[in-house]
Protein chains: 2
Amino acid sequence: MKLTIKKIAEMAEVSRTTVSRVLNDSGYVSGEARDRVLAVINATGYVPSQQAKSLRTKKTKIIGVILPKLSTETSSRIVNGMNDVFQEHGYNILLTSTNLDFQKEIEYLRLLKSKQVDGIILVATNINPNLTEEILNIDLPFVAIGQEIPGVSCVTNNDYAAAKEMTELLIGKGYESIGFIGVSDSDRAVGYARKQGFLDTIEKHQLVLREEWIQSAQFDIESGYEAMRKIGGELGVSPLPRAVVCVTDRLAIGAMQYIKEKGFHIPTDISVTGMGASEISRMVLPALTTIDFENEKIGQQAAYFLLEQINSNKTEEIKWEINYRLLVRDSI
Amino acid sequence: MKLTIKKIAEMAEVSRTTVSRVLNDSGYVSGEARDRVLAVINATGYVPSQQAKSLRTKKTKIIGVILPKLSTETSSRIVNGMNDVFQEHGYNILLTSTNLDFQKEIEYLRLLKSKQVDGIILVATNINPNLTEEILNIDLPFVAIGQEIPGVSCVTNNDYAAAKEMTELLIGKGYESIGFIGVSDSDRAVGYARKQGFLDTIEKHQLVLREEWIQSAQFDIESGYEAMRKIGGELGVSPLPRAVVCVTDRLAIGAMQYIKEKGFHIPTDISVTGMGASEISRMVLPALTTIDFENEKIGQQAAYFLLEQINSNKTEEIKWEINYRLLVRDSI
DNA sequence: CTGAAAGCGCTTACAG
DNA sequence: CTGAAAGCGCTTACAG
């Protein structure tokens with residue numbers, strides 16, 4: 001038996017209006033009427049349809065989230081942070097994942113809009129004109145995470161500064177030959193910005209940088225292993241750098257595996273640094289020097305900005321950079 | 001300017017009925033009329049309101065998911081598996097997390113119902129009468145993961161058998177003194193079942209089991225460390241077991257930390273096993289022997305069962321056990 | 001092949 | 001303090 005506000009009204013012998021009022025604590029209801037309604041609701045276990053309510057109020061209390069990948073630590077931490085603040089404000093998350101298929105970003109933007117979400121957070125890994133246009137036209141509270149997208153609110157890391165600081169740290173410790181394992185420049189943040197931070201610092205200190213010391217990889221451990229192999233070149237013939245900066249922890253761990261496998265010692269023979277402060281980075285031996293981008297905070301901040309947009313009805317563009325923390329551990 | 005089916009109808013000079021028909025590919029529409037409607041839709045970027053549609057059709061294409069915790073590897077992997085199949089069938093996930101607050105399980109059950117989700121998947125860590133009653137009354141397609149709940153469809157691991165097999169493996173290798181780090185019995189699966197599997201096997205082989213060799217811990221690494229310390233007792237005085245079975249990888253890693261810190265060697269002095277096949281278990285040194293419960297498959301299977309319930313309209317109770325795989329690595 | 005009309009389950013001016 | 005009625009944006013018999 002499907003319960004509706006109408007049935008409850010009949011059972012409590014009041015109008016639907018009155019039931020609605022006790023449901024929402026709005027307007028005047030006599031204590032007597034309220035008690036009768038409450039009694040019926042308790043007895044029946046009636047739960048009002050958010051569906052119907054939303055159709056009238058234009059609020060679903062649902063936030064759409066678009067992730068590049070569901071089961072990475074970064075994603076989890078970001079979603080976790082967002083969820084904390086959304087939950088507190090009575091919002092829930094409708095989750096989608098593109099699995100790195102960039103077409104789907106646009107597809108999901110539309111899907112979420114059709115689901116009438118109150119706002120959208122996109123965890124971006126790239127930007128392209130189509131996507132940007134779609135976002136600008138979405139006409140919904142919106143926040144991007146991870147990439148700087150012109151015209152919309154963004155919460156980002158200072159990837160450039162982080163890479164720079166990491167490189168400076170190594171140079172400060174006396175390392176004069178440093179390699180680099182990055183990812184594709186199409187990822188503006190992790191790929192391009194971190195690489196520039198590294199390169200600019202190397203140049204500033206006028207250090208030697210052999211061509212094969214700079215490698216581009218995918219996001220997985222194997223790829224880091226492979227990239228390190230390439231840096232090694234013909235081992236024993238071409239010179240190895242004394243340190244290697246990797247743009248993610250997984251890449252660093254892959255690189256470490258190769259280095260250990262070849263019988264070199266970390267950090268005596270060669271140092272390795274990662275970025276991301278994944279849980280693994282702490283457990284690996286030696287513990288990995290890395291950068292904590294504080295993903296939970298990113299998620300929280302994005303959530304706050306989105307709620308602000310939702311509540312104020314204005315789409316003020318706001319750019320926010322989350323601080324990072326350098327975690328110096330045994331790998332250097 | 002808010003676009004509705006009415007406006008589209010006016011612009012295309014047809015009725016709303018016709019617009020609806022081209023939107024849903026239902027009923028007859030002349031090619032001519034269809035073209036006009038399609039043209040208007042493209043020109044305006046109209047996206048129909050799922051909200052309103054759902055109110056009529058009683059289908060939201062949204063699945064509610066209740067997680068004990070958002071950012072654990074197990075959760076991610078399960079959600080990832082579910083999402084694969086839901087996505088393929090046009091469903092999306094509305095995510096909630098109890099953060100291990102058991103009250104919230106019931107709260108979210110109701111919340112999700114009020115949001116008119118088409119079905120619910122609960123990743124359960126405990127069972128209690130209140131919860132069971134709520135589930136039985138929810139009157140919505142429902143699947144539980146991880147715990148065997150009477151009266152509803154469940155996808156579970158054979159926790160008992162897994163613990164048994166792990167213990168048998170150790171005994172088969174000649175270990176005669178084995179300790180155990182578990183969690184609270186209130187978690188029927190991870191706590192109770194795995195412990196019983198261990199205890200029964202020990203008893204079957206009539207091995208000695210000192211009281212302090214059995215410890216109960218929380219779910220984190222620190223807790224595993226602490227439990228191992230207790231197993232050690234007054235180190236050097238009371239005897240250490242030759243191996244210790246831990247019910248999660250994190251506990252095992254904590255235990256390993258303590259063991260290494262005290263100068264013992266793994267596995268020469270003492271062996272350690274985990275469960276869960278977390279990514280860390282592979283990276284840690286020595287690589288951890290563990291059990292892969294194939295969380296993605298669990299998620300997928302649960303999703304399939306839920307979809308079956310949704311499509312068949314019958315709430316046939318079905319119990320399903322996912323196979324596990326023993327991963328023998330260097331820690332034993 | 002097409003459209004007028006009822007209805008999904010709520011909320012909210014409005015009138016009393 | 002209370003209720004009748006309109007309306008949110010769709011879909012779906014039903015009649016033509």
Side-chain angles (χ1 to χ4, degrees), chain A residues 1-38 40-41 44-62 110-118 139-140, chain B residues 1-38 40-41 44-62 110-118 139-140:
Chain A
M1 169 196 76
K2 187 71 188 144
L3 288 169
T4 70
I5 198 174
K6 194 174 164 204
K7 291 226 184 70
I8 303 298
E10 283 165 7
M11 293 175 75
E13 298 181 311
V14 294
S15 71
R16 292 178 293 168
T17 308
T18 301
V19 176
S20 174
R21 284 205 262 262
V22 351
L23 246 23
N24 296 294
D25 266 326
S26 64
Y28 295 99
V29 181
S30 66
E32 209 183 329
R34 158 168 286 117
D35 289 347
R36 279 211 308 280
V37 172
L38 253 22
V40 173
I41 289 177
T44 55
Y46 163 69
V47 179
S49 161
Q50 270 296 329
Q51 203 65 218
K53 178 171 182 167
S54 299
L55 189 57
R56 276 290 327 224
T57 60
K58 304 287 151 203
K59 299 276 165 228
T60 55
K61 290 282 179 178
I62 295 180
R110 292 190 187 153
L111 174 77
L112 291 172
K113 174 157 191 170
S114 82
K115 299 252 187 201
Q116 317 300 120
V117 296
D118 290 346
D139 190 28
L140 225 48
Chain B
M1 169 196 75
K2 189 69 188 146
L3 289 169
T4 70
I5 198 173
K6 195 174 164 204
K7 291 227 183 69
I8 303 298
E10 283 166 8
M11 293 174 74
E13 298 182 309
V14 293
S15 69
R16 292 179 293 168
T17 309
T18 301
V19 176
S20 174
R21 283 205 263 262
V22 351
L23 246 22
N24 298 293
D25 267 326
S26 64
Y28 296 99
V29 181
S30 66
E32 211 183 328
R34 158 168 286 116
D35 288 346
R36 279 211 308 280
V37 172
L38 253 22
V40 173
I41 289 177
T44 55
Y46 164 69
V47 180
S49 161
Q50 271 295 330
Q51 203 65 218
K53 177 171 182 166
S54 299
L55 188 57
R56 276 287 329 225
T57 60
K58 304 287 152 204
K59 298 277 166 228
T60 54
K61 291 283 180 177
I62 296 180
R110 292 190 188 154
L111 175 76
L112 291 172
K113 176 160 188 166
S114 83
K115 299 253 188 201
Q116 318 299 121
V117 296
D118 290 346
D139 190 27
L140 224 49

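Naming convention: chains lettered A, B, ... in sequence-line order (proteins, then strands); numbering from 1 in each chain.
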Problem set entry | Residue matched to C:dG3 through Watson-Crick or wobble contacts both under 3.5 angstrom | D:dC14
Gap between atoms [atom1] and [atom2], on [X] and [N] respectively (whole Å):
X      : N      : atom1 : atom2 : result
A:Y28  : D:dG3  : OH    : C1'   : 17 Å
B:N24  : D:dT12 : CG    : P     : 7 Å
A:K113 : D:dG9  : NZ    : C1'   : 15 Å
A:R36  : D:dG3  : CZ    : C1'   : 13 Å
A:I8   : C:dT11 : CD1   : P     : 13 Å
B:K6   : C:dG3  : NZ    : C1'   : 15 Å
B:Q51  : C:dC8  : CD    : C1'   : 12 Å
A:E10  : C:dC10 : CD    : C1'   : 15 Å

For this session: Could you tell me whether the side chain of A:R34 reaches within less than 4.5 Å of the side chain of A:D25, counting heavy atoms only?
Result: yes
Exercise. Just wondering, do A:K113 and A:D139 contact through their side chains at under 4.5 Å, heavy atoms?
Worked result: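 Contact flag for A:D139/A:K113 side chains = yes.
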By nearest atom, which of the nucleotides [options] is closest to the [X] side chain?
X     : options               : result
A:S30 : D:dC1, C:dT11, C:dG9  : D:dC1
A:Y46 : D:dC1, D:dG9, C:dC10  : C:dC10
A:R21 : C:dT11, D:dG9, D:dG3  : D:dG3
A:K53 : D:dT12, D:dT2, C:dC10 : C:dC10
A:S15 : D:dA4, D:dT12, C:dG9  : D:dA4

For this session: Quick one: label B:T18 by what it contacts on the DNA or RNA (base, sugar-phosphate, nothing), any heavy atom closer than 4.0 Å.
Result: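 It contacts sugar-phosphate atoms only.
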Exercise. Given the rule in the side chain to side chain donor-acceptor pair (under 3.5 Å) test, do B:S15 and B:T18 qualify, once you have shown the distances and angles that lead to the verdict?
Worked result: CA-CA 5 Å; B:S15 69; B:T18 301; 3.3 Å; yes
Exercise. Would you say B:E13 has more than 12 foreign heavy atoms packed within less than 6.0 Å of its CD?
Worked result: no
For this session: Select from A:R16 and A:R34 the residue whose nearest nucleotide in DNA chain D is closer to the 5' end of that strand.
Result: A:R34
Problem set entry | Under 3.5 Å donor-acceptor pair, B:T17 side-chain atoms to D:dT12 base atoms |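 Yes.
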Exercise. Ignoring hydrogens and angles, does a donor from either the side chain of A:R56 or the base of D:dG9 sit under 3.5 Å from an acceptor on the other?
Worked result: no
For this session: Map B:G31 and B:K58 onto DNA chain C by nearest heavy atom, then report which one ends up closer to the 5' terminus.
Result: B:G31
Exercise. Expressed in whole Å, how much space separates the P atoms belonging to C:dC14 and C:dC10?
Worked result: 24 Å
Exercise. When the P atoms of C:dA13 and C:dG9 are considered, how many whole Å apart are they?
Worked result: 23 Å
Exercise. Knowing that exactly one of A:V40, A:I41, A:V37 qualifies, which makes a side-chain contact (heavy atoms from CB on, under 4.5 Å) with A:Y46?
Worked result: A:I41
Exercise. With respect to B:Q116, which candidate in B:L55, B:L140, B:T60, B:I62 satisfies the side-chain contact (heavy atoms from CB on, under 4.5 Å) definition?
Worked result: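 Of B:L55, B:L140, B:T60, B:I62, side-chain contact (heavy atoms from CB on, under 4.5 Å) with B:Q116 is met by B:T60 alone.
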Exercise. Does C:dC10 have OP1 or OP2 sitting under 4.0 Å from an N or O in the side chain of A:S20?
Worked result: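 No, outside the criterion.
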